[in-house]
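To start, the structure itself, in C-alpha cells.
Values below: all heavy atoms of this structure, side chains included; hydrogens, waters and symmetry mates excluded. One-based numbering, in listed order, for ligands and for the atoms of each.
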Amino acid sequence: MTGSAPMTMRALRFHTYGEPDEVLRLETVPVPRPGPGRIRVTVHACGLAPADWALCRGLHKGELPRGIGIDVSGTVEAVGDGVTDISVGDVVLGTADWRGTPTAGASQHAIMDRWTPVPEGLDLVRAAALPMAVDTAHLHLSLLGMEPGRTILIHGAGTTIGYAAVQIALLRGMRVIATAGETYAERLRAFGAEVTGYGAGMAERVEALSGGPVDLILDTAPVGGALPDLVRIAGGDPKRVLTCGVSGVSEAAELGVRTSFTEDRSGHAADALPEFARLAAEGRFDIPVAGTFPVEEWETAYTISRSNQAHGKLLLLP
Ligand SMILES: NC(=O)c1ccc[n+]([C@@H]2O[C@H](COP(=O)([O-])OP(=O)(O)OC[C@H]3O[C@@H](n4cnc5c(N)ncnc54)[C@H](OP(=O)(O)O)[C@@H]3O)[C@@H](O)[C@H]2O)c1
C-alpha cells in the first residue's frame, strides 16, 4: 500500500438495520486501509439515493457497522496491493466498497472497489452523479437486450436510473418512449424520447404514442403499482417487462414480471462507466444534480429522497 494515512475521519453509518433517520449516525471512526485491489480516496462528492436507504433497511445484509453512499468521486490517496492502473493524486469516479469495510462513500475518505479516471472537462460533482445511474441503467438494458430499432418504454424516466436509461437506449439506436413528470419531460424530448406522464391513463397514452404493443419495458419508478399496466402495454407478455425497484418485487412475482433480483446477470458485466463518463465530459450525456449538502445535512437529503421527488441526484460534499 502507498500513500499518506490520516488517523480518523467522519463517516455516516449504521450499527443496526432500520429506518435511515433512526439508525444512521455521523461518527468519528478510524480511516480504513485499502486491501488488495482497492484504493482509498479523499471524497469530493458522494451520491445518496433510494438504494442507500434500502441498504439501511437490510437489503444485502452483512457484517455491521456498515456505511452508506455508493456513488463517489475523489482524489486517490492510497492504493492497495495489485492496483496498477491508478496512482496517488489521480482523480476518479466510481463505487465505494460498501460491503467490505465498516464505512462507505458518505465519509471524508472512502475505499473504492471500482473506478475510472474523471475525464478532463467533467467536474467532480457531476462525476459522482454518474456511477449508479449508468451501471444500473446499462445492466438492465443489457438484460432486456439493446437492439437498434426496437421500441422500449422507460417507465419512471424522471428518476436518475430512468434518465440514464433513456439516453443510453437512444445512443444505442432504440426508439424510446418514456413516462416522466414535468421536471425533465422537455429535456427527455430533446434527447429524442417520446414522453408522456405517469399516473392515471398512462397505459392509454403510451399505447397512443407506440401504435401497438411495446417490445421491451424497463420499470425504474421508485414506487410500485404500475406493473399490470406495463404488462398490458407489452401486449400481455410479462417477460418483456423488467423492474429494478425493490417496491415492485412481490407484484412482479405475482405477474411473472422479471426483476433485478431474479435475473441471471452472467454475460452482462460490461463496464459502461468509462464510456459514459467520457460522453458526460463532452456534454453528450448527463445525470442532473438536484442538490448538494454538507455531510451534517444528510437528513435533509434523506427527507427529499424519501418524498420520491428528488428530481435529480442528491450529493453530500464531505
Ligand atoms: N436493482 C438495482 O440494482 C437498483 C440500483 C439502483 C436503484 N434501483 C431502483 O431504481 C429506482 C430509481 O432509483 P433512483 O435512485 O434513480 O430514484 P430517484 O431519482 O430518487 O427517483 C425520484 C424520481 O422518481 C420520479 N417519480 C416519483 N413518483 C413516481 C411514480 N409514481 N412513477 C414514476 N416516477 C416517479 C420523480 O421524477 P418525475 O416526477 O420528475 O418524473 C422523482 O424525481 C428505485 O426504485 C431504486 O430502488 C435499483
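Of the heavy atoms in M132, only side-chain atoms (C-beta onward) come closer than 4.0 Å to ligand 1.
Using a 30° and 60° split on the angle between ring planes, H60 and F261 fall in the tilted class, from 30° to 60°.
In the candidate list P50, C244, A310, A221, A221 is nearest to atom 45 (O) of ligand 1, counting heavy atoms. Counting only non-hydrogen atoms, the option in F261, Y198, W53 that gets closest to atom 26 (N) of ligand 1 is Y198.
The closest protein non-hydrogen atom to atom 38 (P) of ligand 1 is G181 N, 3.6 Å. Atom 43 (O) of ligand 1 has H311 N, 2.9 Å as its closest protein atom, hydrogens excluded (heavy atom only). Of the protein's non-hydrogen atoms, the one nearest atom 11 (C) of ligand 1 is T220 O, 3.3 Å. Scanning the protein for heavy atoms near atom 16 (O) of ligand 1, the closest one is T160 OG1, 2.7 Å. At the top of the distance list for atom 27 (C) of ligand 1, counting protein heavy atoms only, stands N308 O, 3.0 Å. Given atom 4 (C) of ligand 1, the protein heavy atom at minimum distance is T136 CG2, 3.6 Å. Looking only at protein heavy atoms, the nearest one to atom 31 (N) of ligand 1 is V223 CG2, 3.2 Å.
Remark: R265 does not engage E263 in a salt bridge, criterion side-chain N to carboxylate O under 4.0 Å. Taking a cutoff of 4.0 Å between a charged side-chain nitrogen and a carboxylate oxygen, R10 and E27 do not qualify as a salt bridge. The pair D21-R306 meets the salt-bridge criterion, with a side-chain N (NZ, NE, NH1 or NH2) lying under 4.0 Å from an Asp/Glu carboxylate O. Using a 4.0 Å cut-off between charged nitrogen and carboxylate oxygen, E147 and R172 do not count as a salt-bridge pair. By the 4.0 Å N-to-carboxylate-O rule, D286 lies close enough to R126 to be salt-bridged with it.
Within the 4.5 Å cutoff, the side chain of I217 has no heavy atoms near those of the I152 side chain.
For ligand 1, the polar-atom distance check finds no N/O of R265 at less than 3.5 Å from any of the ligand's N/O atoms. For a threshold of 3.5 Å applied to N or O pairs, the pair formed by P222 and ligand 1 contains no separation below that value. Residue contacts with ligand 1: I161 is placed with a nitrogen or oxygen under 3.5 Å of a nitrogen or oxygen of the ligand (distance criterion only).
The shortest heavy-atom distance from A54 to ligand 1 is not under 4.0 Å. Proximity of S305 to ligand 1 is not established, as no heavy-atom distance is less than 4.0 Å.
Side-chain atoms of S210 come within 3.5 Å of backbone N or O of V206 as a donor-acceptor pair. With hydrogens and angles ignored, the 3.5 Å screen pairs a side-chain donor or acceptor of Y184 with a backbone N or O of H311.
Inspection of the H155 and T179 side chains reveals an N or O donor paired with an N or O acceptor under 3.5 Å.
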